[in-house]
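Note that ligands are numbered from 1 as they come in the structure, with each ligand's atoms numbered from 1 the same way.
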Amino acid sequence: MRPDILNPLFADVETLPGVGPRLAKAFERLAGPRVVDLCWHLPSGIIDRGYTPKVMEAEPGRVATVTVEVGAHEPPRSPRAPYRVRCFDDSGALDLVFFHAKGPYLQKILPVGEMRVVSGKVEHYHGLPQMTHPDHVAPPEERQSVAGVEPVYPLTAGLTPKMVAKAVRAALSRAPDLPEWQDAAYLCQQGWQAWRESLLAAHKPQSEQELLASAPPRQRLAYDELLSSQLALALVRRQQVRLKGRAIQGDGHLREKALAALPFELTGSQRHAVAEILGEMGSANRMLRLLQGDVGSGKTVVALLAMLTAVEAGFQAALMAPTEILARQHFATIQPLAESAGVEVLLLTGRDKGKARARALERIAGGEVALVVGTHALFQEDVSFRDLGIAVIDEQHRFGVHQRMSLQSKGRGVDVLVMTATPIPRTLMLTSYGDMETSRLTEKPAGRQPVDTRAVSLDRLNEVVEGVGRAIARGQQVFWVCPLVAESETSEVAAAEERYAALKLRFGERVALVHGKMKAAEKDRAMAAFRDGEADLLVATTVIEVGVDVPAATVMVIEHAERFGLAQLHQLRGRIGRGSERSSCILLYQGPLGETAKSRLNVLRETDDGFRIAEEDLRLRGAGELLGTRQSGFPDSRLADLAEHEDLLAAARDDARLILERDPELSTPRGQALRVLLYLFERDAAVRYLRSG
Ligand code: ADP
Ligand code: MG
């Protein structure tokens with residue numbers, strides 16, 4: 001249970017003054033749904049309002065804070081003219097200018113005859129100083145607080161700088177004093193302040209310097225975050241070592257039958273990976289292994305062979321995919337092969353309800369089925385196995401670490417194989433997977449052709465559509481991927497529907513649509529139509545990103561490619577080039593492109609090597625963005641910037657190890673404080689591995 005002291009931080013943003021349901025939505029997009037998320041929303045700039053000249057001396061174009069007397073209000077004479085408020089000090093006059101102003105409001109904040117502190121850019125208009133839409137209008141007693149250095153926050157649609165600054169201030173006022181979890185000597189040596197002081201200071205930068213990752217308050221917060229994730233990983237790891245594994249050794253009879261049913265030979269990489277995996281399964285250690293391989297490198301077969309080995313040894317095996325579509329696809333791939341080995345496969349997804357589900361659960365619990373494929377429905381508490389030997393988790397970046405743990409907790413000492421198509425740069429490997437063993441599929445199955453990748457401006461959309469028409473006429477199949485819309489899934493779907501309608505006008509009925517908001521059955525129908533060649537063109541949002549396998553598809557158009565991450569584009573592109581036909585990928589971009597965007601698209605044109613692409617992505621975007629979404633299985637990095645704080649990461653790793661050596665159950669006073677730290681960064685799952693956690 002989260003300690004009470006943290007409750008104010010984990011309240012909804014809506015509990016902040018002035019934040020209603022609509023603003024709460026905007027804040028959620030900006031930072032997150034809770035007060036703590038706003039605390040982690042650090043300023044990206046500053047405005048220095050410390051320049052306090054007389055009105056006549058104010059430099060044009062520079063932000064100034066002046067103290068004036070309000071002279072007269074001049075409402076606009078025509079609707080388009082601005083509302084003016086004449087003010088002055090002893091050096092001269094200053095007009096405050098407001099467009100679309102509300103008179104009564106202005107009269108309230110700028111009463112005639114009174115002194116006011118106003119801050120904003122002074123400009124000269126017909127030789128007279130004026131200030132358009134001052135950022136601040138305050139009574140003289142607030143002069144001190146206005147004329148300081150003001151933090152500037154990243155924004156999102158629907159929020160003004162003032163709203164964000166105000167909400168962040170309110171969020172910070174909820175920040176409690178927390179017990180110190182850092183080592184006193186280390187704090188002293190680094191010159192760091194307590195957590196709350198550091199948080200407040202990070203939000204009050206006095207210079208550009210203080211915005212840098214190297215500023216002490218930011219370092220302290222980054223270190224807190226890194227220490228929490230390293231400590232959580234260390235706890236998870238310790239738990240894994242404590243749970244003894246079992247030696248799972250098959251006799252190969254099922255594997256051989258499945259191999260004989262394969263229409264191809266395994267690649268050298270696949271054989272090597274299978275050997276590594278079987279070797280580890282056969283030992284008494286628990287396996288916790290990552291199988292990395294680009295899209296299309298053939299991970300599924302490797303997983304199947306591992307699972308069949310468990311079945312040979314009398315265990316059950318489960319494969320879990322992140323989406324319904326993928327679970328079904330794995331099922332479709334695995335079922336015929338398993339069947340030729342005489343092994344039944346059961347599919348369990350969120351769609352199985354009521355009696356059917358109950359029956360499936362019975363068969364799993366009773367051990368009637370040995371091989372189960374599913375979605376996160378497999379995590380549900382009521383799912384229990386008779387004797388689960390191995391859990392294979394596909395595309396793990398979509399799952400959290402605790403989900404990974406929860407599947408393996410469905411058996412005693414379950415071996416775990418995590419498959420990922422996202423090549424993970426080395427630095428990130430360490431932080432998110434700790435010392436997980438890895439097998440890599442570096443070879444592509446024979447006969448694959450590199451995908452011809454081109455970047456084309458959206459201005460040339462018509463030409464691209466014509467090109468697609470020619471490809472279809474030649475009997476090729478085409479994916480059309482619609483853009484990500486950061487702000488809302490609804491507009492993403494709208495964009496896809498619009499494109500679908502337009503392409504249908506051009507190409508007729510043989511166009512299918514699939515997006516995340518569709519009903520599962522509709523999605524299946526669209527996917528099936530495309531797979532079976534009944535549709536030539538599939539318009540899709542990124543739901544097709546991972547895994548979807550249609551070897552006959554040879555063309556992919558990605559709209560607004562500049563909005564996607566590199567790794568994501570690489571994943572998408574991996575959907576084509578799977579057959580022996582030459583494939584092409586067209587990255588439609590909205591120009592003009594910035595330098596970074598250009599380099600990113602270039603990387604994709606130049607290479608097909610997922611690992612190189614991942615490294616470039618890290619370099620061009622920074623780890624923060626790569627780690628990105630909260631849903632990703634990577635530890636969220638809100639405060640630490642792995643490119644900047646690498647040394648802190650190393651220190652945090654050593655620190656975590658030392659802490660657990662000295663205080664294994666976190667029971668000393670510092671240990672108790674460290675528990676608070678774990679909850680602060682939402683490592684609740686890790687705390688459960690502590691006695692009396
Ligand atoms: P991944 O999951 O790594 O993206 P898959 O396991 O889905 O890749 O395999 C992609 C495709 O390649 C599938 O159609 C699969 O049958 C095929 N495949 C796998 N291994 C080989 C191989 N050794 N030779 C030829 N084709 C292969
Ligand atoms: Mg796959």
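Contact between Ala377 and Gly350 at its shortest, heavy atoms only, is CB-N, 3.7 Å.
Using 4.0 Å as the threshold, Ser297 has a heavy atom nearer than that to some atom of ligand 1.
Some N or O of Gly298 is nearer than 3.5 Å to an N or O of ligand 1, by distance alone. Of the N or O atoms in Lys299, one or more lie within a sub-3.5 Å distance of an N or O in ligand 1.
Heavy-atom proximity to Asp294, at under 4.0 Å, picks out these atoms of ligand 1: 3 (O). Counting the atoms of ligand 1 from 1 in the order shown, those under 4.0 Å from a heavy atom of Thr300 are 2 (O), 5 (P), 6 (O), 7 (O). Near Thr267, with a cut-off below 4.0 Å to any heavy atom, the atoms of ligand 1 are 23 (N). Under a 4.0 Å criterion applied to the non-hydrogen atoms of Leu266, ligand 1 contributes the atoms 23 (N). Each of the following atoms of ligand 1 lies closer than 4.0 Å to a heavy atom of Glu265: 22 (C), 23 (N), 24 (N).
When non-hydrogen atoms are compared, ligand 1 lies under 4.0 Å from the side chain of Gln270 (C-beta onward) but not from its backbone.
For the residue pair Thr375 / Glu324, no side-chain donor-acceptor distance below 3.5 Å is found, with atom types taken as modelled.
Under the side chain to side chain donor-acceptor pair (under 3.5 Å) test applied with Ser439, the options Gln292, Glu276, Lys299 reduce to a single match, Glu276.
Remark: Glu344 engages Arg363 in a side-chain hydrogen bond (donor to acceptor under 3.5 Å, both in side chains) (not counting sequence neighbours). In this view, Asp352 satisfies the side-chain hydrogen bond (donor to acceptor under 3.5 Å, both in side chains) rule with no residue, not counting sequence neighbours.
Salt-bridge check for Glu522 with Lys519: failed, with every basic side-chain N at 4.0 Å or more from each acidic carboxylate O.
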**OP:** Check the pair Ser269 / Arg440 against side chain to side chain donor-acceptor pair (under 3.5 Å), numbers first and verdict last.
**Re:** CA-CA 7 Å; Ser269 277; Arg440 283 186 172 187; over 6 Å; no
